[in-house]
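The structure appears right after this line, and notes come after that.
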Amino acid sequence: MDRVKAITESFELPSTLVAREFGVGKKKAAMLFHPDMTDELILRSVLRACVAANKCSGYEELLREILAVSEAEISDDSKAAQKILSGDAVIFLDGASGCIVVNAKKWDKRAVMEPPTETVVRGPREGFVEDFKTNVTLIEKRLRTRKLAVEKLNIGREGNTAVAVLYVGGIAKKELVKDVISKIKALDIDAISDSHYLVPCLEGRPNSIFPQVGTAEKPDVVASKLLEGRVAVIVDGSPIALTVPFLLIENFHSGEDYYERASFATFLRVLRIIAISLAIFLPGLYVADLTYHYEVVPLKLLITVLNALKGIPLPPMWEILFILLLFEIIREASIRMPKSLGTAMSIVGALVLGDTAVKAGIISSPGVMIIALSSIALYTAPALVGTSSLLRVLFTLIGGLGGLYGLILGVTVLIFYLSSLNSMGAPCLAPFAPLIKNDLKDGIVRRQLLSLGTRPEALGSPNKRRLRW
């Protein structure tokens, strides 16, 4: 057939595709498919059903009478090549325009398991995988409602990657949904291999070090966010879903918070905020006190620290920056090394380097302890590790150059900057700036689940009520 030949020759290497000609009743037909992406058993059953047919007047009868069991649909010739590249098989009838697309996809995929970055003691342990259909199904399994909408797009001139925009009708703002879809469609790129390619499109300030788009690897977390009025984006090939709008306080929330007692969940949130504050400000505070403000340090502690600093050639600021550099190198090396070596090398590297450097008099033991505590505290909020790492270097420099007054000024500027950030129209510091009293019940303090009767007002959902008690 001419159409089969035209599609085959449109590929850089025509032998990439396989064409099989056969007869359906008295009509000639041809099937075109990609052998590496299709299931041989499905193709064989479809071919047998077609060959065994006594008559066929057109695509409607072929779809209704012969391929009734298969997942198939009638499509245009213009979409045939893309359907084949997606793993479908395409059937052409001689003398009839259009084609039939049969779902014959088959490729290996990772099993659904608990994601490594969002482990929980209580709650669901399912996590997203790299398969597009599986990820969408995991959401649909939890939200069995007719209002759940899944808008499917194809992004990338060459990759043509499948992207799904999910929202719950009547809960998510229509303007928000339209804005997300239009921004994704406006992206003109060869291909996207991960959902993070879409992050700059959805952020109001893509150059900011603070995230304005949420990420999640668990379907229960995404489903909960959809029910609050957010929009989720799933990309084929990525196990990480994006959610907007995104508030800064969400960095200190965990999916497990909603499966624990309210009092304990509140304690954990406060603990995370304290830990991140220590991670960012403790090195700068240490440098500022030792450089300009000895009087604020208790006398006994000051004597201990000064004794440890005897013979150290570097000023406090440069010493802390040097230790920070060492820890970042060890962290990066432990991540990039093979798993069999990474853990051992990170422990041995930290112990050997730290102990040797202290004994050699290059760095002090208090400085090592300060940076070690700061580095451990970073991981209480994994989504903020990159941001917090940059901020602690910045505040170390501010503390070394401006002392406590510089740190206070730096914190003030940081708060003003965060107040100006927004995520798809929602202020990042909500519900604290602006103050939204109704949203404070699930901010730092988490009240009982039955008390969370309304959706967050910061998200602007048209449907405010989610629980009646």
Side-chain angles (χ1 to χ4, degrees), residues 3-4 7-8 10-22 24 29-51 59 62-64 66-93 98-113 126-141 148 150-166 190-195 197 219 233-241:
R3 287 181 293 171
V4 173
I7 293 175
T8 304
S10 66
F11 282 70
E12 186 70 23
L13 190 63
S15 59
T16 302
L17 305 184
V18 174
R20 291 287 182 266
E21 295 187 359
F22 57 94
V24 185
M31 177 185 286
L32 198 58
F33 59 91
H34 196 303
D36 298 333
M37 303 176 70
T38 49
D39 190 337
E40 184 180 346
L41 295 177
I42 296 177
L43 297 178
R44 190 179 301 167
S45 63
V46 170
L47 284 172
R48 284 177 178 174
C50 293
V51 172
Y59 289 124
L62 180 62
L63 194 62
R64 185 178 63 252
I66 303 171
L67 300 177
V69 181
S70 303
E71 186 179 341
E73 63 178 359
I74 300 175
S75 182
D76 299 328
D77 290 344
S78 59
K79 299 179 181 179
Q82 190 53 50
K83 294 292 185 181
I84 294 170
L85 289 172
S86 299
D88 295 322
V90 178
I91 298 175
F92 297 95
L93 286 180
C99 60
I100 285 185
V101 178
V102 180
N103 184 3
K105 300 181 180 71
K106 183 183 179 182
W107 48 65
D108 293 331
K109 60 183 179 182
R110 184 165 57 92
V112 176
M113 56 176 36
E126 287 182 332
F128 291 125
V129 295
E130 286 75 14
D131 184 64
F132 179 74
K133 186 175 182 180
T134 301
N135 292 344
V136 173
T137 303
L138 288 172
I139 300 295
E140 293 174 330
K141 186 176 71 173
L148 177 63
V150 182
E151 298 270 358
K152 295 182 179 179
L153 312 171
N154 290 95
I155 306 299
R157 296 186 300 271
E158 306 297 338
N160 213 18
T161 307
V163 176
V165 178
L166 295 88
D190 286 341
I192 55 175
S193 57
D194 187 78
S195 57
Y197 278 61
V233 179
I234 292 176
V235 176
D236 189 17
S238 175
I240 299 175

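- Using a 4.5 Å cut-off on side-chain heavy atoms (C-beta onward), L62 and V24 make contact.
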Run the numbers on F33 and D39 for side-chain contact (heavy atoms from CB on, under 4.5 Å), then give the verdict.
CA-CA 10 Å; F33 59 91; D39 190 337; over 6 Å; no
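- K105 and S86 make their closest contact through CE-O, 3.0 Å (heavy atoms, listed as atom of the first residue, atom of the second, distance).
- Closest non-hydrogen pair, D131 versus D236, comes out as C-OD1, 4.2 Å.
- In this structure, CD in E40 is found 8.5 Å from OG1 in T38, a value given to the nearest 0.5 Å.
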Walk me through it: do I192 and V235 pass the test side-chain contact (heavy atoms from CB on, under 4.5 Å)?
CA-CA 9 Å; I192 55 175; V235 176; 4.0 Å; yes
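- When all heavy atoms are compared, the tightest approach of L93 to Y59 is N-OH, 2.9 Å.
- I42 and S45 get closest at one heavy-atom pair: O-OG, 2.8 Å.
- The main-chain N or O of G159 is never found under 3.5 Å from a side-chain atom of D190 such that the two would form a donor-acceptor pair.
- Using a 4.5 Å cut-off on side-chain heavy atoms (C-beta onward), I91 and V46 make contact.
- To the nearest 0.5 angstrom, T161 atom OG1 is 9.5 Å from Y197 atom OH.
- Here R3 contributes atom CZ and D77 contributes atom CG; the two are 4.5 Å apart, rounded to the nearest 0.5 Å.
- Side-chain contact between I234 and S195 is absent, with no heavy atoms from C-beta onward closer than 4.5 Å.
- In this structure, F92 and I7 have side chains that are in contact, with non-hydrogen atoms separated by less than 4.5 Å.
- Pairing each heavy atom of N103 with each of D88, the nearest pair is CA-OD1, 3.4 Å.
- Between the CG atom in N135 and the CD1 atom in I240 there is a gap of 11.0 Å [rounded to 0.5 Å].
- The distance from atom NZ of K152 to atom CG of L166, rounded to the nearest 0.5 Å, is 9.5 Å.
- In this structure, R48 places its CZ atom where only 12 or fewer heavy-atom neighbours from other residues, nucleotides or ligands lie under 6.0 Å away.
- Contact check for I139 versus V150: no side-chain heavy atoms found under the 4.5 Å cut-off.
- Proximity of R110 to P239: side-chain heavy atoms (C-beta onward) are separated by under 4.5 Å at one or more points.
- More than 12 heavy atoms of other residues, nucleotides or ligands sit less than 6.0 Å from atom CD of Q82.
- L138 approaches E126 most closely through the heavy-atom pair CD2-OE1, 3.8 Å.
- Side-chain N or O atoms of D76 include none that pairs as donor or acceptor with a backbone N or O of S78 at under 3.5 Å.
- Salt-bridge formation is detected for the pair K83/E73: a Lys NZ or Arg NE/NH1/NH2 atom is positioned less than 4.0 Å from an Asp or Glu carboxylate oxygen.
- Side-chain atoms of S238 and D194 include a donor-acceptor pair closer than 3.5 Å.
- Between K133 atom NZ and E140 atom CD the span is 9.5 Å, to the nearest 0.5 Å.
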